[in-house]
Amino acid sequence: MLNARRPNPLPARPSRRGLLAGAGALVVAFRLDPKSARAASGPNLADVKAQPNAFVRIGADDTVTVVIKHLDMGQGNTTGLATILADELGADWSKVRTEFAPADATLYNNSLMGPIQGTGGSTAVANSWFQLRKAGAAAREMLMAEAAFRWKVPVSEITVADNIVRHAPSGRQARFGELAASAASLPVPSEPRLKDPSEWRLIGQTIPRLDSVAKTNGTAIYSLDIRRPNQVTAVVARAPRFGATVKSFDAAAARKVAGVLDVVQVPTGVAVIARDTWSAMKGREALTVAWDDSTAETRSSDAILAEYRERAKGPGLTASERGDPQAALRGAAKVVEAEFTFPYLAHAAMEPLNATIERAADGGYDVYAGFQFQTVEQATMAAILGVTPDRVRLHSNWAGGSFGRRATPTADYLAEAATVLKASGEKAPVHLVWTREDDMAGGYYRPTVLHKVRAGIDAKGAVVGWDHVMVGKSIMIGSPFEAMIVKNGIDSTTVEGASDTPYALPAYRFGVHNGREGVPVLWWRSVGHTHTAHVMEVMIDELAHAANVDPVAYRLSLLAQAPRLSGVLKLAAEKAGWSARPQDPGRGLGVAVHESFGSYVAMVADVTAQENAVRVNRIVAAVDVGVPVNPDVIRAQVEGAVGFALSSVLRNRITLKDGQVQEHNFDAYAPTRMSEMPTVEVHIVPSQVAPTGVGEPGVPVLGPSIANAVFAATGRRLRSLPLDLSGVKGA
């Protein structure tokens with residue numbers, strides 16, 4: 001289409017409707033600032049400004065701005081997504097910038113989540129791969145077509161690299177900024193030519209992250225940094241037990257605190273509004289609230305787990321089944337029985353939850369936060385404020401971590417911000433701030449879970465039967481996503497990683513009971529895989545030792561139909577020196593391998609047993625995530641997964657006593673410290689398969705690799721997390 005050049009003089013520019021055709025799949029638009037647009041030849045400024053800002057914008061100064069539809073919480077997806085588009089476009093990396101997209105699911109939906117805009121499940125690169133390649137390629141072809149028209153040469157002779165469009169035979173060239181205004185009015189190619197991998201110059205290379213400088217010098221803006229004119233700060237006194245409600249409150253003392261402006265009741269508790277955060281916190285301390293616990297969860301963690309054990313005596317709902325595991329177990333030469341328990345876990349992101357919301361002069365609302373589920377969050381706040389979703393404008397900021405916490409199906413903290421603004425009379429912008437204690441005790445934890453497994457082998461060590469039952473509260477049941485994700489009472493995020501095990505188990509059943517406690521639960525980095533991978537990998541290790549077979553070889557014998565899993569397992573074992581394992585007393589290697597979110601990860605842990613403790617010396621990881629868009633970001637995410645998950649393997653848990661959370665800050669829920677961080681080696685499998693995600697898949701294998709290493713070092717089998725290291729002897 002682009003080779004059939006338009007005659008001179010130029011015909012009428014295509015209509016806006018023509019440019020927007022197929023907008024849900026691909027829109028390429030260029031926007032110039034008014035000063036630049038006036039200086040450039042091209043379409044009328046009004047026409048340019050009217051075009052949607054979808055994925056790429058090229059300025060007269062040659063800057064290439066890639067619009068990012070996903071939240072970046074530190075995982076580096078702004079760099080990865082920009083890399084994809086910039087490589088297809090032929091951009092100079094030093095000229096590439098990013099900005100977060102507005103809330104608009106018609107343009108920015110997550111294709112792997114359905115018709116909503118959101119980030120999670122390690123889908124950012126996976127769902128954007130072809131979309132951004134096409135956007136970059138279409139923009140490249142539009143620039144080439146404009147240059148070919150101006151120079152009266154065949155478009156096939158035009159090349160693009162480093163922000164320059166060239167015609168080598170005539171020696172002519174033009175910068176992106178010189179062509180952008182006119183190229184913007186051309187029809188958008190619906191099927192542009194995508195580059196062959198041999199043509200990539202950025203994809204697969206270690207290039208500097210786009211956010212590093214701003215995050216180093218402090219210019220990056222997080223939602224905690226937002227300051228609107230006349231802004232006030234709000235903190236909320238919430239019930240100490242989940243499900244409790246306000247019976248009455250006395251705000252007299254709180255109102256006397258300097259800086260406190262108002263005290264209002266909201267559905268989640270009592271909000272103290274003040275000139276600044278400190279005054280709001282001091283006002284809340286002076287507040288007296290009586291709580292109604294009639295509908296609250298009042299049990300302790302031990303009581304909830306005791307109920308789980310009783311329920312696990314039954315078979316539960318069948319999530320997956322093949323063969324007759326009960327009959328197979330009756331005929332097994334050896335049967336291994338095990339129980340695994342996992343506690344509630346807080347996300348404990350470095351930046352606590354917060355958001356700023358204000359009523360605008362036009363009657364709409366502007367909200368500033370780290371938005372992870374834009375469509376859900378926009379609709380939720382709109383319903384509270386009594387306007388249509390388009391009247392709630394979301395301004396995305398960098399988020400200081402999330403690990404799943406900012407992506408609640410109820411948009412809980414943003415809904416709370418909207419209720420505080422409404423209760424305050426909308427007189428001033430409200431910055432809702434959760435303190436560390438609020439964040440830690442506020443619920444939405446990784447569910448507590450119990451697994452019971454019976455597995456049998458024959459005389460030759462081969463698995464003959466596996467009967468598996470788990471109990472855990474569903475994240476999705478009762479949420480707006482239930483109809484989409486829960487089938488026949490089974491939440492796929494509860495059973496993932498076990499009900500779909502790649503191991504060749506001839507007789508297998510996985511049953512599940514949905515927990516019923518009143519503690520709000522949510523996905524936590526790698527969701528169901530956080531516990532299912534641990535159970536599967538520790539049990540497989542136990543069976544390997546029961547069969548007197550090397551744990552790596554035993555796994556490989558069960559993964560004949562899973563070549564990518566086998567590949568990372570072999571690579572990790574090779575790089576870790578598995579065949580020459582250390583013989584030092586109290587030292588051992590353990591292995592685990594797992595697929596999650598379409599990615600494949602194996603880890604070998606090297607540990608040394610100490611008195612009532614374990615030192616993790618080294619983690620060797622092998623990952624297969626398809627095309628490695630940016631190897632450095634991949635390594636950073638696996639290293640980060642180790643740092644994030646290590647504290648949950650060694651010590652962390654959220655516990656309830658009479659329904660009240662006992663851990664409120666980092667003194668009782670300590671993150672991994674630099675002094676205990678092991679050496680981490682990450683080996684990436686080369687691939688030409690479409691990329692998958694890496695933010696979460698590094699977490700599931702850490703726990704079992706360490707637990708299996710502890711067994712190798714001490715002969716003690718520790719199954720539950722966090723590992724019970726009492727009684728572990730030193731070397």
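Along the sequence shown, residues are numbered consecutively beginning with 1.
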Review point. For the side chain of T530 and the backbone of V527, is there at least one donor-acceptor N/O pair under 3.5 Å apart?
Key: yes
Review point. Taking atom CG of L522 and atom CZ of R446, what is their separation to the nearest 0.5 Å?
Key: 12.0 Å
Exercise for review: Return yes if some donor-acceptor pair links the side-chain N/O of T298 with the main-chain N/O of G659 below 3.5 Å, else return no.
Suggested key: no
Practice item. Report the residue from N109, N127, N110, D104 that forms a side chain to side chain donor-acceptor pair (under 3.5 Å) with K69. Key: N127
Side-chain atoms of residues 340-360: list all donor-acceptor pairs with protein atoms under 3.5 Å, sequence neighbours left out, distances to 0.1 Å.
from : atom 1 : to   : atom 2 : distance (Å)
T341 : OG1    : S720 : OG     : 3.1
Y344 : OH     : E517 : OE2    : 2.8
H347 : ND1    : Y444 : O      : 3.4
H347 : NE2    : W523 : O      : 2.8
E351 : OE1    : G400 : N      : 2.7
E351 : OE1    : R406 : NH2    : 3.3
E351 : OE2    : S223 : OG     : 3.1
E351 : OE2    : L224 : N      : 3.2
E351 : OE2    : N354 : ND2    : 3.1
N354 : OD1    : S223 : OG     : 3.1
N354 : OD1    : L224 : N      : 3.1
N354 : OD1    : H431 : NE2    : 3.1
N354 : ND2    : S223 : OG     : 3.2
N354 : ND2    : P352 : O      : 3.1
E358 : OE2    : R228 : NE     : 2.6
E358 : OE2    : R228 : NH2    : 3.0
R359 : NH1    : Y365 : OH     : 2.9
R359 : NH1    : E426 : OE1    : 3.0

Exercise for review: Please say whether more than 12 non-hydrogen atoms of neighbouring residues, nucleotides or ligands are located less than 6.0 Å from CG in D667.
Suggested key: yes
Review point. Does some side-chain heavy atom of V263 sit less than 4.5 Å from a side-chain heavy atom of V270?
Key: yes
Point to revise | Set of ring-ring contact (aromatic ring centres under 6.0 Å, His included) partners for F100, sequence neighbours left out | key: W398
Check your understanding: Side chain of Q378, backbone of V392: donor and acceptor closer than 3.5 Å?
Key -> yes
Point to revise | Shortest non-hydrogen contact from V449 toward P447 | key: CG2-O, 3.5 Å
Point to revise | Pairs meeting criterion side-chain hydrogen bond (donor to acceptor under 3.5 Å, both in side chains) with involvement of residues 244-255, two or more places apart | key: R255-D262
Exercise for review: Scan side-chain atoms only and decide if S599 and T692 contain a donor-acceptor pair under the 3.5 Å cut-off.
Suggested key: yes
Review point. Who passes side chain to side chain donor-acceptor pair (under 3.5 Å) against T375, sequence neighbours left out?
Key: none
Review point. T83 and N630: side-chain donor and acceptor closer than 3.5 Å?
Key: no
Check your understanding: Which residue pairs pass the salt bridge (charged side-chain N to carboxylate O under 4.0 Å, His left out) test with at least one member in residues 282-303, sequence neighbours excluded?
Key -> R241-D293, K282-E285, R284-D438, E297-R299, R299-E307
Practice item. Taking the side chain as every heavy atom from C-beta outward, state whether V638 and M603 have any atom pair closer than 4.5 Å. Key: yes
Practice item. For Q637 and V633, indicate whether the former's side chain and the latter's backbone hold a donor-acceptor pair under 3.5 Å. Key: no
Point to revise | Main-chain N/O of D658 paired with Q660 side-chain donor or acceptor, under 3.5 Å | key: no
Review point. Mind checking what makes ring-ring contact (aromatic ring centres under 6.0 Å, His included) contact with Y445, not counting sequence neighbours?
Key: none
Check your understanding: If we only count heavy atoms from C-beta on, is the M476 to P409 side-chain gap below 4.5 Å?
Key -> yes
Point to revise | Pairs where residues 407-422 contributes a residue and the test salt bridge (charged side-chain N to carboxylate O under 4.0 Å, His left out) is met, not counting sequence neighbours | key: R238-E416, R405-D412
Check your understanding: Tell me, do V430 and S424 make a side-chain contact under 4.5 Å, heavy atoms counted?
Key -> yes
Hey, can you pull the donor-acceptor pairs under 3.5 Å for the side chains in residues 642-650, sequence neighbours left out?
from : atom 1 : to   : atom 2 : distance (Å)
S647 : OG     : N652 : ND2    : 3.2
S648 : OG     : A645 : O      : 2.6

Review point. Where the side chain of H70 meets the backbone of G118, is there a donor-acceptor pair that is under 3.5 Å apart?
Key: yes
Point to revise | Donor + acceptor pair across side chains of T532, E496 (<3.5 Å) | key: no
Review point. Is there a donor-acceptor pair closer than 3.5 Å between any side-chain N or O of D72 and the backbone N or O of T78?
Key: yes
Practice item. May I ask you to decide if S526's main-chain N or O and E696's side chain share a donor-acceptor pair within less than 3.5 Å? Key: yes
Revision key, fill the gap. By side chain to side chain contact (heavy atoms under 4.5 Å, CB included), A423 pairs with (sequence neighbours left out) V264, V266
Practice item. Would you please name every residue forming a salt bridge (Lys or Arg N to Asp or Glu O under 4.0 Å) with R651, sequence neighbours left out? Key: E676
Review point. Counting distance only, does the side-chain N/O of N217 pair as donor-acceptor with the main-chain N or O of T219 below 3.5 Å?
Key: yes
Check your understanding: Got a donor-acceptor contact below 3.5 angstrom from the E663 side chain to the T655 backbone?
Key -> yes
**Study point:** Residues which pass salt bridge (Lys or Arg N to Asp or Glu O under 4.0 Å) with K215, listed by chain and number, not counting sequence neighbours
**Key:** D211
Check your understanding: Which distance, rounded to the nearest 0.5 Å, do you find between the CD1 of I475 and the CG of N514?
Key -> 11.0 Å
Point to revise | Contacts of type ring-ring contact (aromatic ring centres under 6.0 Å, His included), residue H395, not counting sequence neighbours | key: Y368
